[in-house]
Amino acid sequence: MRVQDITSLLDRLAPPSYQASYDNAGLLVGQPDWSIEKVLVTLDVTEAVVREAKERRAGLIVAHHPIIFGGLKRLTGATYVERVVMAALEAKIAIYAAHTNLDSVRQGVNDAIADKMGLLDRRILAPEKGDLLKLVTFVPTAQADALRLALFEAGAGQIGQYDSCSFNLEGTGTFRAGQGAKPFVGAVGQLHREPETRVETVLPKHLERAIVRALRAAHPYEEVAFDLYPLANENPMVGAGMVGRLPHEMPELEFLALLKREFRVGAIRHTALLGKPIREVALCGGAGSFLRHKAIASGAQAYVSADFKYHEFFDAEGRILLADIGHFESEQFTIGLLCSMISEKFPTFACLPVEKDTNPITYF
Ligand SMILES: [Zn+2]
């Protein structure tokens, strides 16, 4: 196995283009063609984690948090970040991070949190806008089935839990082939009328190149007529946070006890109890206070996240129970998520969940 076998798989499941503008996800240390025996999966990369990777012969560390975040100007060993990068390079260990891109996908960080609460009817709390394109193309009706199949295989036509979505309209195309052309139908210099199908489908922006390549490869015409339109729709499969319904409504204290138990939290910081049962829960792994107003607007009775500041708790204003369960605690199941993503594709390849606890916070 090579580093790129793992990174290209993760890039497909959590496309780097979905990372926030401030983020630095992707391959951070090492070369894509380095050969590896094992991969170590962790939330954070510390010096102890690099030592563990070396001891367990893992040539690649897959992390949630990017160790190089704001840029590195020197490598002198003065900070833990510099020492981690130096130690990794010395041991020829590559480091890859799937961060806010893994937060943003439907089967990502937040889905793993929702699993622990047993939430049903999950949806993205703040779906991404401007991520979808519409593709319209015109193909001889006899070739329409094969063309649609090629587009769907390349990732077009996915709407929520449905795949192979398209709309098709029969019509007539006209063209006249010029000198030097080799028309699929019709003759050079003669106006031709061909029964064609107008195929419409949708795609996420990050697949545009791959899908246009598949379109050109599968379409019989020398010159392929197609249009790409930007859509103002939200993409329900991509965005920040998540909302879902508990299998049974429960009193607030029982819900907080569930969080404490399932997420092994030392202490939960939360707003005053409202005396209302919890049915719908909004959540966001890691620092999710930026979604608190969206969580309130969603109608959920509780918002579970981490890193709330003092003044942000005031914004609840009796409309929602804000619960801060800790950054590490909320994201800890991301390790299992990344391992299962890797093991599902490469069942015989050794993917090791980190043994070292990297949570920098302890509770007294
Ligand atoms: Zn985080």
Side-chain angles (χ1 to χ4, degrees), residues 10-11 13-29 40-50 61-71 79-81 84 95-117 124-126 128 238-243 259 262-269 281-292 294-295 303-309 312 322-342 353-354 356-363:
L10 296 175
D11 282 353
L13 296 172
S17 60
Y18 289 151
Q19 68 183 294
S21 55
Y22 58 81
D23 204 0
N24 193 37
L27 185 62
L28 303 176
V29 175
L40 182 79
V41 177
T42 180
L43 270 192
D44 310 284
V45 193
T46 61
E47 290 170 88
V49 169
V50 176
I61 297 172
V62 169
H64 182 45
H65 296 132
I67 179 70
I68 303 175
F69 197 67
T79 67
Y80 87 94
V81 173
V84 161
I95 302 175
Y96 171 91
H99 190 211
T100 48
N101 46 326
L102 190 60
D103 291 329
S104 297
V105 292
R106 176 65 183 71
Q107 265 88 33
V109 173
N110 296 318
D111 205 43
I113 297 172
D115 281 346
K116 286 286 157 187
M117 297 186 206
I124 299 239
L125 176 59
E128 191 74 29
V238 179
M242 191 165 274
V243 200
L259 294 178
E262 290 297 325
F263 294 85
R264 301 188 287 269
V265 191
I268 298 177
R269 300 192 305 148
V281 179
L283 61 94
C284 178
S289 67
F290 69 104
L291 289 173
R292 63 195 184 280
K294 286 230 156 56
Y303 180 44
V304 179
S305 190
D307 296 356
F308 289 105
K309 289 182 187 163
E312 291 165 350
L322 293 183
D324 186 331
I325 63 168
H327 195 123
F328 179 92
E329 288 81 355
S330 72
E331 294 183 334
Q332 60 189 305
F333 306 109
T334 306
I335 295 171
L337 170 76
L338 284 163
C339 281
S340 60
M341 284 173 160
I342 294 167
V354 73
K356 181 83 197 155
D357 180 357
T358 62
N359 190 355
I361 296 167
T362 54
Y363 300 91

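Numbering of ligands and ligand atoms starts at 1, following listing order.
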* **Presence of N, O or S from H64 under 2.8 Å of the Zn ion (ligand 1)** => no
* Mind checking whether the Zn ion (ligand 1) has an N, O or S of D103 under 2.8 Å? -> no
* Asked: Looking at L259 and A323, what are the two nearest heavy atoms and their distance?
  -> CD1-CB, 4.2 Å
* **Neighbour count above 12 (heavy atom, 6.0 Å) for F290 CZ** => yes
* Structure fact -> In terms of heavy-atom contacts, A25 and Q19 come closest through N-OE1, 2.8 Å
* Asked: Quick one: angle H65 NE2 - the Zn ion (ligand 1) - E331 OE1, to the nearest 10°?
  -> 80°
* Asked: Is the distance from the Zn ion (ligand 1) to some N, O or S atom of H327 under 2.8 Å?
  -> yes
* Cut-off 3.5 Å, side chains only: do D11 and Y96 have a donor facing an acceptor? -> yes
